[in-house]
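The structure presented is a predicted model; accordingly, all values stated were derived computationally and were not measured. FYI, side chains are in, hydrogens and waters are out, and symmetry mates aren't considered; it's all heavy atoms of this structure.
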Amino acid sequence: RPAFGPRDRDRLSHDVAPLVCAACSHGRSNPVAACRTLHSTQQLVKPLAPRIGSFAMAESKIRRALKLALQHHQAGRLAPAEALYREILARDPGCVDALHGVGIIALQIGQHAVAVELIRQAAVRAPGNPAIHANLGEAYRNLHRLDEAVASFRRALALQPKLPSALNNLANALAASLSPASQNLH
């Protein structure tokens, strides 16, 4: 499983003002997560674009967009989350959190080669982030690139020795590398 959890949420949620659900006409400040109205993906994503602006995003706007993308992602609304991550990357191609987030979505929907490329880019920019290395390992494992998976899980564990997802997935990768069926994949 991807290691995108409370630590990432806490890191992204500092100094962020509540967002208005742009798809609603509630007339009051209402975080999207608390909005009870059902919206289409386009309604949730499209109204954010004017607030982001046509020029480079300010740091605070990037943080707000990341927070909203993370809320969508954690709620399982992958399409609006991916659209927001990609909007951020269009403005700031080196944004580690957006690269990691869109990479995790690729991993979740089975686009493992895309996930490896995106998460690898995030790992290059943030080599000290154990969750990124753990997710990179999981993407490699899903591609049956077990040596690279093991190396990524070990990097994650060197940074955070008791990271549960890295421990579990390292064991799975090692077990898979020992099975006779995996020998035929190489």
Side-chain angles (χ1 to χ4, degrees), residues 1-13 41 45 57 62-63 65-186:
R1 294 189 177 256
F4 197 67
R7 182 173 278 180
D8 296 308
R9 183 174 45 250
D10 294 342
R11 186 168 36 83
L12 291 175
S13 65
T41 299
V45 175
M57 287 180 169
I62 289 175
R63 283 195 309 265
L66 280 169
K67 181 180 181 187
L68 182 58
L70 185 60
Q71 288 172 349
H72 284 305
H73 197 162
Q74 291 174 334
R77 295 184 299 267
L78 301 183
E82 181 179 7
L84 284 166
Y85 288 136
R86 289 194 183 280
E87 176 74 20
I88 293 163
L89 290 171
R91 306 283 194 259
D92 180 6
C95 180
V96 171
D97 293 318
L99 283 167
H100 189 209
V102 79
I104 291 170
I105 290 173
L107 180 61
Q108 289 173 314
I109 63 174
Q111 296 178 347
H112 305 300
V114 173
V116 163
E117 181 55 31
L118 292 165
I119 299 171
R120 189 191 57 73
Q121 289 178 41
V124 167
R125 288 174 173 78
N129 186 319
I132 291 174
H133 291 290
N135 287 324
L136 180 58
E138 184 60 11
Y140 279 132
R141 189 175 73 83
N142 280 287
L143 288 174
H144 305 285
R145 293 167 57 179
L146 300 176
D147 292 339
E148 292 159 296
V150 167
S152 292
F153 294 134
R154 287 187 171 149
R155 240 177 273 122
L157 291 168
L159 295 166
Q160 188 176 339
K162 294 184 180 179
L163 183 63
S165 64
L167 287 166
N168 182 59
N169 292 333
L170 173 60
N172 290 336
L174 290 170
S177 69
L178 296 174
S179 74
S182 72
Q183 302 304 320
N184 296 331
L185 294 174
H186 295 293

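The two residues P130 and Q160 come nearest to each other via the heavy atoms CG-OE1, 3.3 Å. Taking all atoms of both residues into account, the shortest heavy-atom contact from A81 to A69 is CB-O, 3.5 Å. Taking both residues in full, the closest heavy atoms of A173 and V150 are given as CB-CG2, 3.9 Å, listed atom of the first, atom of the second, then distance. The two atoms that bring R141 and A149 nearest to each other are N-CB, 3.6 Å, heavy atoms only. Annotation for L163 and A156: closest pair CD2-CB, 4.3 Å, computed over non-hydrogen atoms. Contact detail for A115 and A139: the closest heavy-atom pair is CB-CB, 4.0 Å.
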Exercise for review: Carefully, step by step, assess V116 and L107 under the rule side chain to side chain contact (heavy atoms under 4.5 Å, CB included).
Suggested key: CA-CA 8 Å; V116 163; L107 180 61; over 6 Å; no

Exercise for review: Go through the steps to decide whether C95 and L66 satisfy the test side chain to side chain contact (heavy atoms under 4.5 Å, CB included), and finish with yes or no.
Suggested key: CA-CA 10 Å; C95 180; L66 280 169; 4.0 Å; yes

Point to revise | Verdict with reasoning, E148 to F153, per side chain to side chain contact (heavy atoms under 4.5 Å, CB included) | key: CA-CA 9 Å; E148 292 159 296; F153 294 134; over 6 Å; no

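For the pair N142 (side chain) and E138 (backbone), a donor-acceptor distance under 3.5 Å is present. Judged purely by atom type and a 3.5 angstrom limit, D92 has no side-chain atom pairing as donor or acceptor with the backbone of I88.
Under the side-chain contact (heavy atoms from CB on, under 4.5 Å) rule, H73 has a single partner from L84, V102, L78, which is L78.
No hydrogens or angles considered: nothing links the side chains of H100 and Y85 as a donor-acceptor pair under 3.5 Å. Checked by atom type, the side-chain pair H112/E117 shows no donor-acceptor distance below 3.5 Å.
Note: D147 CG to S177 OG = 7.5 Å, rounded to the nearest 0.5 Å. With values rounded to the nearest 0.5 angstrom, I104 atom CD1 is found 11.0 Å from L136 atom CG. To the nearest 0.5 Å, atom CD of residue Q111 and atom CG of residue L118 are 9.5 Å apart. Summarising the geometry, atom OG belonging to S165 is positioned 11.0 Å from atom CG belonging to N172; distances are rounded to the nearest 0.5 Å.
Taking the side chain as every heavy atom from C-beta outward, I132 and V96 approach each other to under 4.5 Å. Side-chain contact between R91 and I62 is absent, with no heavy-atom pair separated by less than 4.5 Å. Counting heavy atoms from C-beta outward, L99 and L89 have side chains that approach closer than 4.5 Å.
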